[in-house]
Amino acid sequence: EAGVTQFPSHSVIEKGQTVTLRCDPISGHDNLYWYRRVMGKEIKFLLHFVKESKQDESGMPNNRFLAERTGGTYSTLKVQPAELEDSGVYFCASSPPGTIPFYEQYFGPGTRLTVT
Amino acid sequence: AQSVTQLDSHVSVSEGTPVLLRCNYSSSYSPSLFWYVQHPNKGLQLLLKYTSAATLVKGINGFEAEFKKSETSFHLTKPSAHMSDAAEYFCVVKQSDSWGKLQFGAGTQVVVTP
């Protein structure tokens with residue numbers, strides 16, 4: 001069974017440009033999460049999808065970030081326009097449907113975003 | 001409010017010696033606690049989890065952690081370090097009033113020397 005995949009693995013863009021990160025969850029996982037780790041900081045939650053709906057987007061830093069999950073399969077995270085402080089590693093995770101019992105979140109390898 | 005504190009940013013151990021990674025948490029409710037590991041260029045992998053069952057939790061690769069409510073701690077241990085244990089380790093709390101939002105500690109980088 002394929003794990004969570006993320007594309008690209010690394011992206012280098014200039015300040016002001018747009019970047020789109022993609023996450024493919026494990027097949028059948030309704031829950032999809034985005035996290036990020038900026039340099040020297042903890043990994044922080046960004047948002048949570050249940051199928052195609054945003055369950056919790058309390059961690060989205062500002063309106064330059066737009067996450068979508070059309071059809072409840074893969075998800076994209078767009079940063080427009082990118083700023084220097086957006087540099088970091090963006091992780092995607094997925095988990096099976098339901099909340100009880102609590103299922104572990106399976107993480108992808110991350111996308112390293114560098115904004116110059 | 002909840003928070004997670006990993007008391008050591010770096011730990012260096014010799015191969016074959018015990019490993020101790022310390023984690024304290026604060027939580028208003030009964031927490032779910034986890035340890036994740038990230039090897040270089042890999043995704044985060046769950047080592048073990050505590051969800052209010054047994055306080056001593058056994059995980060993969062010989063790791064275990066003990067939940068101590070009185071000390072608000074969830075330290076990770078392994079009796080004998082292996083070279084392959086070199087990685088970054090994260091103590092994680094799941095908020096009890098949240099569906100699945102995880103809160104991460106700052107991470108502990110483990111170096112294993114021959």
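In what follows, every chain begins at residue 1, and chains take the letters A, B, ... in the order their sequences are listed. Every heavy atom of this structure was used, including side-chain atoms; hydrogens, water molecules and symmetry mates were not.
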Check: Between B:Lys94 and A:Glu104, does at least one N-O distance fall below 4.0 Å, as a salt bridge requires?
Finding: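 So B:Lys94 does not pair with A:Glu104 through a salt bridge.
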Are [X] and [Y] side-chain neighbours, meaning at least one heavy-atom pair lies under 4.5 Å?
X: B:Phe90; Y: A:Arg37; answer: yes
X: B:Tyr36; Y: A:Ile43; answer: no
X: A:Phe91; Y: B:Gln38; answer: yes

Transitive ILVMFWY side-chain link [X] to [Y], under 4.5 Å:
X: B:Tyr89; Y: B:Val11; answer: yes
X: A:Leu32; Y: A:Val4; answer: no
X: B:Leu76; Y: B:Val4; answer: yes

Does [X] have more than 12 heavy atoms from other residues, nucleotides or ligands lying within 6.0 Å of its [atom1]?
X: B:Tyr50; atom1: OH; result: yes
X: A:Met39; atom1: CE; result: no
X: A:Asn62; atom1: CG; result: yes
X: A:Lys54; atom1: NZ; result: yes

Next item on the list: Quick one: which residue pairs count as a disulfide (SG to SG under 2.5 Å) with a foot in residues 73-102 of chain B, not counting sequence neighbours?
Entry: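 Residue pairs passing disulfide (SG to SG under 2.5 Å), neighbours aside: B:Cys23-B:Cys91.
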Notebook entry, point to check: Side chain, backbone, both or neither: which part of A:Arg112 has a non-hydrogen atom closer than 4.5 Å to chain B?
Noted result: neither
Note to self: At a 4.5 Å cut-off on heavy atoms, which part of A:Val50 comes close to chain B: side chain, backbone, both, or neither?
What the structure shows: side chain
Checklist line | Flag, side chain of A:Tyr106 to backbone of B:Leu46, donor-acceptor distance under 3.5 Å | finding: no
Next item on the list: Using non-hydrogen atoms and a 4.5 Å limit, figure out which bit of B:Gln6 sits close to chain A: side chain, backbone, both or neither.
Entry: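 No part of B:Gln6 comes within 4.5 Å of chain A.
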Next item on the list: Look up atom CZ in A:Phe45 and atom CG in B:Leu102, then write down how far apart they are to the nearest 0.5 Å.
Entry: 9.0 Å
Check: Distance from A:Glu42 atom CD to B:Gln103 atom CD, nearest 0.5 Å?
Finding: 8.5 Å
Checklist line | Criterion side chain to side chain contact (heavy atoms under 4.5 Å, CB included) on B:Phe104 and A:Lys41, from CA distance to verdict | finding: CA-CA 10 Å; B:Phe104 284 76; A:Lys41 301 285 189 179; over 6 Å; no
Next item on the list: State, to 0.1 Å, how close B:Lys101 and A:Ser58 come at their nearest heavy-atom pair, and which atoms those are.
Entry: NZ-OG, 3.1 Å
